[in-house]
Peer 1: 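Structure incoming, see below.
Everything quoted here is computed from the prediction, not taken from an experiment. Atom set for the values below is all heavy atoms of this structure, side chains included, hydrogens, waters and symmetry mates excluded.
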Amino acid sequence: MDRRTFLKGGLLVAGGGLILPKLSVAYDPSEILAWSRYPLKSPKHPLIVQTMRPRNFETPVQYYEHFYTPNEAFYVRWHQADYADKKEDFKDYKLKVYGPAAKKPVEFTLDELKKNFKVYELTAINQCSGNRRGLSDPKVTGLQWRYSALGNAKWVGVRLKDVLDAAGVDPKAKAIVVHSSYNPPTVQGQDHFAKAIPIWKAMDENCLIAFEMNGEELPVENGYPARLVIAGWTATYWIKAVTDIQVVFDLPKNFWYDTAYRLPRGKFPTIEFWDKDPSAPFVPITEMVVNSLVVKFVNNNTKRTIYPYEVDNTQIKDIKNFARMGDYITVMGVAYDGGYGIKMVEVSVDGGKTWQEAKIIKSDGRYSWVQWEHTFKVEKKGVYKVMAKASNRMGQTQTFELIWNPAGYHNNVVQTFNLYV
Amino acid sequence: MRKVVMLSALLVSFGFSAETLKGTPEEKAVMGYCLQCHSYDYIKTNAPLTQKGWEGVVKKMVNVFKAPIPEDAQKQIIEYLTKYYGKKE
């Protein structure tokens, strides 16, 4: 049965009224491609499919051996399927700043943004709030991301603060509410994907409206022509193809910040921002928690490299037939937090009994991740249980047990790898 | 559907083939409602869920995301999902 008759079947049962989805890719939405590899941005760099419509794709972990995550391999995350996905769709692009707490509404084309404001560069981690959700136990619903719904990139753009100042922010303004008119709801009555950002964060000099990513225009799948960079905070705030910034005294109702993207109050050591209801049991997610990710093991004697994950990132893979007695093994990874800065990464090769400080081999400012490595000599047969644990300058560190929450956020459980000798 | 065929060929070259929902064409016809906003990938990756779990999902689609699905169809969808993508409490 082909898709046409299939949907006709749906129509018959439904008695009419079925709206056909607007397809923007050469693809049949009744086909299931989850967990396969698909060359979304480049034939050379197939990504891991979570969902094909809307597009949600995870980066294979081995790309993180590059300090800056290549744009072609950068993960992709959309909630609603009908977003503009061709550069020519943005010919009339304008960014508007307005709202009850904006003294003078302003709007800028992309060229005007670049010409009227000073341009800055910032390296920052962009991590989906739901990164690692798929590792929650008990399971929670939502995209079942494993380890790699994140990337580290060099962003170039103008300061959000400078653009807000051009509109004149009322001193009593509470927040900005941001959305993209290029990313409309899929059916009538559904809420536009919008985010509320408190004024104190929006005015932080590390928040940008970025039009360059790693020295190139942003890919459409990552927010062309311009996206917010809310450094230190999870990517839900980094509105892609941003067109509308409203400066407000009070927040309009919206599912995407009233209900979604919330954490149980008090369970995580992250900064809280005001809430409409100060007694609400769930508060908006904000900054990222301190975390580390093992990327690869290198055997310095045999020169072999292993990326210890299944192809589809489903799980960590045991490492076998890789290390022999006397070999020197280097384990390499990344570590990051919400912008306080990584202070140290420790590695254990005995399941957490003893820890050694790893060497930080590269960093680029406190919003970037650091790359680290640690070398040890294989001196006995059996299983080496390799773990890595990062701490930041606030003294925060990773957990050994999951702090379970209904949306599966902030999983920074220390990873364990079994290396068999 | 030439485009679809091309996609399948492309995937085969990556060593994967696409699958479709489980069950007979008659049983899964009602699932067409779920395609209005997104692909069936969400069903596969979120499975297995208990009947209660699927009820929660369908309710969220209708109440929060405004999926226009008549009540009898919602019931059929929950039955179908529990049968093919379900698990015990």
Peer 1: Measure A:Trp78 against the heavy atoms of chain B and call it side chain, backbone, both or neither at under 4.5 Å.
Peer 2: backbone
Peer 1: Where on B:Leu49 is there a heavy atom nearer than 4.5 Å to chain A: the side chain, the backbone, both, or neither?
Peer 2: side chain
Peer 1: Fit a plane to each ring of A:Tyr409 and A:Tyr261, take the angle between them on a 0 to 90° scale, and name the class: parallel (under 30°), tilted (30 to 60°) or perpendicular (over 60°).
Peer 2: parallel
Peer 1: Look only at the side chain of A:Asn126 and the backbone of A:Gly151, and say whether a donor-acceptor pair between them is shorter than 3.5 Å.
Peer 2: no
Peer 1: Can you list everything that forms a ring pair (Phe, Tyr, Trp, His ring centres under 6.0 Å) with A:His192? Sequence neighbours excluded, please.
Peer 2: A:His179
Peer 1: Holding to side chain to side chain contact (heavy atoms under 4.5 Å, CB included), I want the full list of residues that pass it with A:His45, two or more places apart in sequence or in another chain.
Peer 2: A:Ser42, A:Tyr63, A:Glu72
Peer 1: If I measure from the heavy atoms of chain B, does A:Gln188 come under 4.5 Å with its side chain, its backbone, both, or neither?
Peer 2: backbone
Peer 1: Go through the atoms of A:Asp191 and report whether side chain, backbone, both or neither lie under 4.5 Å from a heavy atom of chain B.
Peer 2: neither
